[in-house]
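Remarks on the structure that follows.
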Amino acid sequence: MRVGDELPPLEIEITRTLIVAGAIASRDYQDVHHDAELARQKGSPDIFMNILTTNGLVGRYITDHFGPTAVLRRVAIRLGAPNYPGDTMVLAGTVEEVKDAEGAADLEGDDAAEREGDEGDEAAGKTVTVRVVGANGIGKHVTGTVTLTVPSGADGVGRS
């Protein structure tokens with residue numbers, strides 16, 4: 001993987017079930033995430049997705065791409081346009097930074113061949129930062145970055 005690499009987009013249909021199930025799973029019982037009438041009384045056209053569900057979907061997007069051995073180290077997101085039922089959110093990502101085990105920027109991409117014998121040592125892998133944007137029909141729902149560790153030997157491409 002190299003700086004500038006783009007992850008394949010992931011389309012997620014935003015359904016009432018997804019919104020409500022995500023809110024319940026994250027113990028977010030605010031009525032705007034499950035009761036359409038109360039959401040309208042509070043000025044929203046409908047129920048909308050909570051940040052914890054969005055955070056989980058961003059994590060899924062990254063681990064679907066980099067594989068099950070990837071470890072999320074930091075997820076820093078900000079919400080924008082709400083995700084309402086009936087819309088589609090498209091997640092996209094771009095690799096912003098790749099560092100080797102010592103923390104040095106890896107300008108040449110994957111150098112796993114120089115690390116033979118380090119299999120199983122997670123520190124011998126790469127630390128990758130990916131800029132993520134999730135857009136829906138009314139704008140950008142989520143923007144932010146995800147920093148993860150990809151162990152040595154993990155290919156980290158094409159899993160989506």
Side-chain angles (χ1 to χ4, degrees), residues 1-30 32-34 39 44-101 103 105-112 122-160:
M1 79 204 77
R2 298 182 190 280
V3 171
D5 284 355
E6 293 185 10
L7 281 61
L10 174 65
E11 290 189 15
I12 299 170
E13 298 298 319
I14 308 302
T15 64
R16 286 185 187 285
T17 301
L18 176 61
I19 293 170
V20 173
I24 291 170
S26 60
R27 296 181 165 198
D28 184 346
Y29 302 115
Q30 292 203 25
V32 294
H33 303 307
H34 65 83
S44 178
D46 206 335
I47 62 172
F48 55 90
M49 185 175 285
N50 71 354
I51 193 169
L52 297 172
T53 303
T54 300
N55 196 59
L57 292 171
V58 167
R60 169 195 160 195
Y61 175 60
I62 296 296
T63 57
D64 277 1
H65 179 76
F66 288 96
T69 58
V71 177
L72 302 180
R73 299 296 181 184
R74 182 172 188 265
V75 178
I77 62 171
R78 175 167 286 200
L79 294 184
N83 267 342
Y84 293 117
D87 207 342
T88 299
M89 177 174 64
V90 179
L91 289 167
T94 305
V95 175
E96 282 196 333
E97 183 176 61
V98 179
K99 291 183 179 179
D100 64 17
D106 183 1
L107 302 176
E108 298 300 317
D110 191 8
D111 63 356
E122 183 175 283
K126 306 252 186 223
T127 299
V128 180
T129 301
V130 179
R131 168 129 333 258
V132 176
V133 175
N136 60 31
I138 58 176
K140 291 180 182 176
H141 170 68
V142 62
T143 57
T145 58
V146 178
T147 302
L148 64 142
T149 304
V150 181
S152 175
D155 63 6
V157 293
R159 297 192 187 276
S160 299

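Computed from a prediction, not measured in an experiment: that's the story for all the values here. Just the heavy atoms: all of them, side chains too, but no hydrogens, waters or symmetry mates, feed the values below.
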Verdict with supporting geometry, H65 and V130, side-chain contact (heavy atoms from CB on, under 4.5 Å): CA-CA 11 Å; H65 179 76; V130 179; over 6 Å; no
side-chain contact (heavy atoms from CB on, under 4.5 Å) assessment of R74 paired with T145: CA-CA 8 Å; R74 182 172 188 265; T145 58; 4.1 Å; yes
With side chains defined as the heavy atoms from C-beta onward, is the minimum distance between [X] and [Y] less than 4.5 Å?
X: I19; Y: T53; answer: no
X: V32; Y: S44; answer: no
X: M89; Y: L57; answer: yes
X: H33; Y: I24; answer: no
X: M1; Y: V98; answer: yes
X: V146; Y: L72; answer: yes
X: L79; Y: M49; answer: no
X: L91; Y: V142; answer: yes

Mind checking the [atom1]-[atom2] spacing from [X] to [Y]? Nearest 0.5 Å is all I need.
X: I77; Y: T143; atom1: CD1; atom2: OG1; result: 8.5 Å
X: L18; Y: E13; atom1: CG; atom2: CD; result: 10.0 Å
X: N50; Y: R27; atom1: CG; atom2: CZ; result: 14.0 Å

Looking at [X] and [Y], would you say the former's side chain and the latter's main chain have a donor-acceptor pair under 3.5 Å?
X: D87; Y: G137; result: yes
X: D64; Y: Y61; result: no
X: H141; Y: A135; result: no

Donor-acceptor pair between E6 and T94 side chains, under 3.5 angstrom: no
Distance-only side-chain donor-acceptor flag, T54 / N83, under 3.5 Å: no
Worked check of side-chain contact (heavy atoms from CB on, under 4.5 Å) between F66 and L7: CA-CA 10 Å; F66 288 96; L7 281 61; 4.1 Å; yes
If you take all heavy atoms of [X] and [Y], which pair is closest and at what distance?
X: E97; Y: V3; result: CA-CG2, 3.9 Å
X: R2; Y: D5; result: N-OD2, 2.8 Å
X: N136; Y: I138; result: OD1-N, 2.9 Å

With T149, the side chain to side chain donor-acceptor pair (under 3.5 Å) member among R73, K126, K99: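 Per the side chain to side chain donor-acceptor pair (under 3.5 Å) rule, the option paired with T149 is R73, out of R73, K126, K99.
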